[in-house]
Amino acid sequence: MVSQKENKTSSVQQLIANSRNHKTKKIVEKAMPALLFSAALISILTTFGIVFTLIFETFEFFKRVSITDFLFGTQWLPFSGKEPLFGILPLIAGTLKVTLIAVVVAVPFGIASAIYLSEYASEKTRRTVKPILEVLAGVPTIVYGFFALTFVTPVLQGIIPELKLFNALSPGIVVGIMILPMITSLSEDAMSSVPNSMREGALALGATKFEVAIKVVLPAALSGIVASVVLAISRAIGETMIVSLAGGSTPKFDLNVTDSIQTMTAYIVQVSTGDAGYGTTIYYSIYSVGFTLFIFTLVMNLIAHYISKRFREVY
């Protein structure tokens, strides 16, 4: 009798506990969608807030400066005492110089590294080398900037005597080193996703391992590789500290990479450190340059998304 009563008591307690757990699960199930939606909404509202601020302040700038002079002017002299000039082309030229040099450095080495890791390296080597490459992505950009200024520039001056202390070549090379892990990692992931059956079929037809890598794996993973390159270019365009430290602050609309330059991000840093008072034309020029930079990076990201979606290989 006693044991039966104990069993009944324990079963009742278990039912009560199960009921409470069921109620808790219901509350969690109802609350989680709301919490997740709130998190997504905060992200969206933050993005809209940033874009709205950029647009609003940029319109304020264009009330004072002609949009034609801004887009097509070849001189950027905002601190000129006589007549300030706000032609964005010198800043765009400086940004593109650094970006193109970075691409020339990063793309060949990045894709070559990806081919080696994907097609030639053993599993042990891959597990060792890939994390080491990816460590470069975690190095603070200010460290890269001092590396460019104090090491790369003196080395290049020994090869190119006319190279100035501040130039486009040195930061361009170092920015290329910085974005190299991005290209390597994403490209290697794309190549590794190519089915082994394609490799085995090509080898069975008499192709060498190098021919398989270049003529089979590379075209099959092309969408991922191109997307990685475009994303890396976007990262190079938005780089700040390296070009601020090693590039200089002399906006010039030319093709010379041995002389001092100024990029869009470097100008924003220069003015943000207190060179312009609030509400002045120079202050609002930060937002116009920032909005131009935003358009550049947005276009690059849209291109990467389109390429990845349009040319993705489905296996």
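- K252 contributes atom NZ, which lies 3.0 Å from atom CG of D259 (distance to the nearest 0.5 angstrom).
- T263 is not listed as a side-chain neighbour of L91, based on a closest heavy-atom distance of 4.5 Å or more.
- One finds the CZ atom of F166 at 14.5 Å from the OG1 atom of T258 (value rounded to the nearest 0.5 Å).
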### Message
Checking E188 against S192 for the side chain to side chain donor-acceptor pair (under 3.5 Å) test, could you report, in this order, the C-alpha distance in whole Å, the side-chain angles of both residues, the deciding distance, and whether it holds?
### Response
CA-CA 6 Å; E188 194 272 334; S192 296; 2.7 Å; yes
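- A pairwise comparison of heavy atoms in A106 and G176 identifies CB-O, 3.3 Å as the closest pair.
- The two residues A232 and I183 have their closest heavy-atom pair at CB-CG1, 3.6 Å.
- The shortest distance between side-chain heavy atoms of I111 and L218 falls below 4.5 Å.
- Looking at S260 and T250, their side chains do bring a donor and an acceptor atom within 3.5 Å of each other.
- L149 has its side chain within reach of L165: a pair of non-hydrogen atoms, C-beta onward, lies under 4.5 Å apart.
- A pairwise comparison of heavy atoms in I286 and V271 identifies CD1-CG1, 3.2 Å as the closest pair.
- Looking at heavy atoms from C-beta onward, F294 lies in side-chain contact with V51 at the 4.5 angstrom threshold.
- Note that CG of L293 and OG of S288 are 11.5 Å apart. Values are rounded to the nearest 0.5 Å.
- Of the N and O atoms on the side chains of S187 and S228, at least one donor lies less than 3.5 Å from an acceptor on the other residue.
- With a 4.5 Å cut-off on side-chain heavy atoms, S285 and F70 do not count as touching.
- By the neighbour-count criterion of 12 heavy atoms within 6.0 Å, atom OH of Y120 is densely surrounded, having more than that number from other residues, nucleotides or ligands.
- Between Y287 and Y284, the angle of the ring planes lies from 30° to 60°, which puts this pair in the tilted group.
- S122 and T125 are linked by a side-chain donor-acceptor pair at a separation below 3.5 angstrom, with hydrogens and angles left out of the test.
- Between M300 and I237 there is a side-chain heavy-atom pair separated by less than 4.5 Å.
- Rounding to the nearest 0.5 angstrom, the gap separating the CD1 atom in I88 from the OG1 atom in T74 is 12.5 Å.
- Remark: F62 CZ is packed, more than 12 non-hydrogen atoms of other residues, nucleotides or ligands lying under 6.0 Å away.
- Sparse packing is recorded around CG of L255, with 12 or fewer heavy atoms of other residues, nucleotides or ligands lying under 6.0 Å away.
- Residues L77 and Y283 are members of separate hydrophobic clusters, defined by side-chain heavy-atom contacts under 4.5 angstrom among Ile, Leu, Val, Met, Phe, Trp and Tyr.
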### Task
Please step through side chain to side chain donor-acceptor pair (under 3.5 Å) for the pair Q157 and E162, ending with a clear verdict.
CA-CA 7 Å; Q157 284 176 329; E162 64 271 19; over 6 Å; no
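- Residue L71 holds its CG atom at 7.5 Å from CD1 of I92, rounded to the nearest 0.5 Å.
- Residues E239 and T265 have side chains not in contact (no heavy-atom distance under 4.5 Å, counting atoms from C-beta outward).
- By the 30° and 60° cut-offs, the orientation of the rings of F86 relative to W76 is perpendicular.
- To the nearest 0.5 Å, atom CE of residue M241 and atom CZ of residue F146 are 7.0 Å apart.
- Between L169 and I101 there is a side-chain heavy-atom pair separated by less than 4.5 Å.
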